[in-house]
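See structure below.
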Amino acid sequence: MFNRKKKSKQLVARKLVTNVSPSSIISEQFRTLRTNINFSLPSKELKTLLFTSSSIGEGKSTSSANVAIVFAQEGKKVLLVDADLRKPTMHYTFEKSNSPGLTNLLTGHWHINEVVKESGINGLHLITSGPIPSNPAELLGSSTMDMFIKEIKERYDMIIFDAPPALSVSDAQILSNKCDGTILVISSGKTEKRNAVKAKDALLTSKANIIGTILNNYKLEKDHYYYQYYE
């Protein structure tokens, strides 16, 4: 039992590196990403940001969680929403119960105050996915979802959605159309170029505002200036 708990905490630590190791090279990269996001729409306020990828296992959920953390560390009031209603992970990452969550709210059974959870990180709140529904795309495309987004934009400085991969289902396309900006996560050495292009095209078809991409799992050489700077 003790070993399982220890492994669980180690896994969380690896995923939430910006919280447990804020001075690391990786955390600095997430802060650089935060700066780039802040300057991506100089003439328009960016409050809702969606993360997706072309396929599973490319790091979109870990990236969205760490970006949410660095925005909270900047002093913003941040809400992280697990909008992957098919294979949710945020409740594992933050070691929270998955229910109640987003699906409970969208089906009209719960109020927003009842589904928002404390993340354990100052300034960051969390809404988990809730029970996996039979109609994820319909829920995300509903007028109830529109009203939910409108309400949370009045409550928070930044809202970050973790959506399913863009090529697997239509959920990311539906939700990206509702968000101010979209970020496509690409895994170095894993994401196929044609899939990344297909994902980008699918998002653009839904009129998503792609403000950038994240190249995940890229290995820096030891002589890279980041290593020299932080030695």
Side-chain angles (χ1 to χ4, degrees), residues 16 18-19 22 26-54 58-84 90 93-94 102 105-106 112 116 119 121-127 129 140-166 170-186 196 199-216:
L16 302 182
T18 50
N19 182 52
I26 297 174
S27 294
E28 181 60 30
Q29 286 294 289
F30 277 111
R31 286 191 289 272
T32 299
L33 177 60
R34 178 187 65 195
T35 301
N36 292 339
I37 291 170
N38 283 331
F39 284 104
S40 63
L41 296 175
S43 61
K44 179 184 175 184
E45 185 179 26
L46 190 152
K47 296 197 74 169
T48 50
L49 185 61
L50 179 135
F51 281 73
T52 187
S53 58
S54 62
E58 294 180 327
K60 64 175 182 61
S61 298
T62 300
S63 296
S64 60
N66 281 284
V67 169
I69 291 171
V70 295
F71 270 108
Q73 290 171 342
E74 190 182 39
K76 284 185 167 61
K77 188 176 181 182
V78 183
L79 177 65
L80 176 60
V81 182
D82 193 341
D84 191 337
M90 287 302 172
T93 301
F94 287 88
L102 182 60
L105 186 147
L106 295 178
I112 184 171
V116 171
S119 70
I121 297 169
N122 189 39
L124 176 61
H125 286 162
L126 173 70
I127 294 182
S129 75
L140 294 175
S142 67
S143 58
T144 306
M145 185 70 185
D146 293 334
M147 290 187 288
F148 165 66
I149 292 176
K150 182 179 179 181
E151 183 174 356
I152 58 177
K153 287 178 78 171
E154 294 173 354
R155 296 187 180 206
Y156 292 90
D157 302 315
M158 173 66 75
I159 303 103
I160 294 176
F161 292 93
D162 177 37
S170 62
D171 302 16
Q173 289 176 265
I174 292 169
L175 195 50
S176 65
N177 181 261
K178 300 176 184 291
C179 291
D180 299 327
T182 294
I183 290 180
L184 182 63
V185 178
I186 297 170
K200 181 201 73 170
D201 291 342
L203 292 167
L204 292 177
T205 298
S206 63
K207 297 183 179 179
N209 178 26
I210 302 176
I211 63 172
T213 61
I214 292 176
L215 181 61
N216 194 30

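What you see below is based on every heavy atom in this structure, not just the backbone, and it leaves out hydrogens, waters and symmetry mates.
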Inset, instruction - Quick one: do Asp157 and Phe71 satisfy side chain to side chain contact (heavy atoms under 4.5 Å, CB included)? Show the steps, please. - result: CA-CA 9 Å; Asp157 302 315; Phe71 270 108; over 6 Å; no
Inset, instruction - Decide if atom CG of Asn122 counts as having more than 12 heavy atoms of other residues, nucleotides or ligands within a radius under 6.0 Å. - result: no
Legend entry - Trace of the side chain to side chain contact (heavy atoms under 4.5 Å, CB included) decision for Ile112 with Arg155: CA-CA 11 Å; Ile112 184 171; Arg155 296 187 180 206; 3.3 Å; yes
Legend entry - Ser40 OG to Ile210 CD1 distance, which is reported to the nearest 0.5 Å: 13.0 Å
Legend entry - Under 3.5 Å donor-acceptor, Ser119 side chain and Leu124 backbone: yes
Legend entry - Passing candidate, side-chain contact (heavy atoms from CB on, under 4.5 Å) with Ile211, options Leu49, Thr182, Leu50: Leu49
Legend entry - Side-chain (Thr213) to main-chain (Val185) donor-acceptor, under 3.5 angstrom: no
Legend entry - side-chain hydrogen bond (donor to acceptor under 3.5 Å, both in side chains) partner of Tyr156, the single match among His125, Glu151, Lys76: His125
Legend entry - Closest contact, heavy atoms only, Ser176 versus Leu203: OG-CD2, 3.8 Å
Inset, instruction - Could you tell me whether the side chain of Thr62 reaches within less than 4.5 Å of the side chain of Phe51, counting heavy atoms only? - result: no
Inset, instruction - Rounded to the nearest 0.5 Å, what's the gap from NZ on Lys60 to CG on Asp84? Could you check? - result: 4.5 Å
Inset, instruction - In sequence, state the C-alpha distance, the side-chain angles, and the governing distance for Ser206 and Asn177, and then conclude on side chain to side chain donor-acceptor pair (under 3.5 Å). - result: CA-CA 6 Å; Ser206 63; Asn177 181 261; 5.6 Å; no
Inset, instruction - Compare all side-chain heavy atoms of Ile149 with those of Phe161 and state whether any distance is below 4.5 angstrom. - result: yes
Legend entry - Any Met90 side-chain heavy atom under 4.5 Å of Ser61 side chain: yes
Legend entry - Check: Ala202 main-chain N/O paired with Gln173 side-chain donor or acceptor under 3.5 Å: yes
Legend entry - Inter-residue atom distance Ile159.CD1 - Lys77.NZ, 0.5 Å rounding: 10.5 Å
Inset, instruction - Calculate, to the nearest 0.5 Å, the distance between atoms CG and CG belonging to Asn66 and Leu33 respectively. - result: 10.0 Å
Inset, instruction - Kindly give the heavy-atom pair with the smallest separation between Ser27 and Pro22, and that separation in Å. - result: CB-O, 3.3 Å
Inset, instruction - Answer whether the closest heavy-atom distance between the side chains of Ile174 and Met145 falls below 4.5 Å. - result: no
Legend entry - Nearest atoms (heavy-atom pairs only) where Ala166 meets Thr52: N-OG1, 3.3 Å
Legend entry - Expected output: side-chain Thr48 to main-chain Asp180 donor-acceptor under 3.5 Å: yes
Inset, instruction - Hey, could you give me the CZ/CD1 distance between Phe94 and Ile69, rounded to the nearest 0.5 Å? - result: 5.0 Å
Inset, instruction - For residues Asp146 and Lys150, determine if any side-chain heavy atom of one lies less than 4.5 Å from a side-chain heavy atom of the other. - result: no
Inset, instruction - State, yes or no, whether a side-chain contact exists between Asp171 and Leu175 at a heavy-atom distance under 4.5 Å. - result: no
Inset, instruction - Taking Lys47 for its side chain and Lys153 for its backbone only, find out whether a donor-acceptor pair lies under 3.5 Å. - result: yes
Inset, instruction - Determine whether more than 12 heavy atoms belonging to other residues, nucleotides or ligands lie under 6.0 Å from atom CD1 of Ile26. - result: no
Legend entry - Distance in Å, Asp82 CG paired with Ile160 CD1, rounded so as to fall on 0.5 Å steps: 13.0 Å
Inset, instruction - Determine whether Pro165 and Glu58 make a side-chain contact, defined as any pair of heavy atoms from C-beta on separated by less than 4.5 Å. - result: no
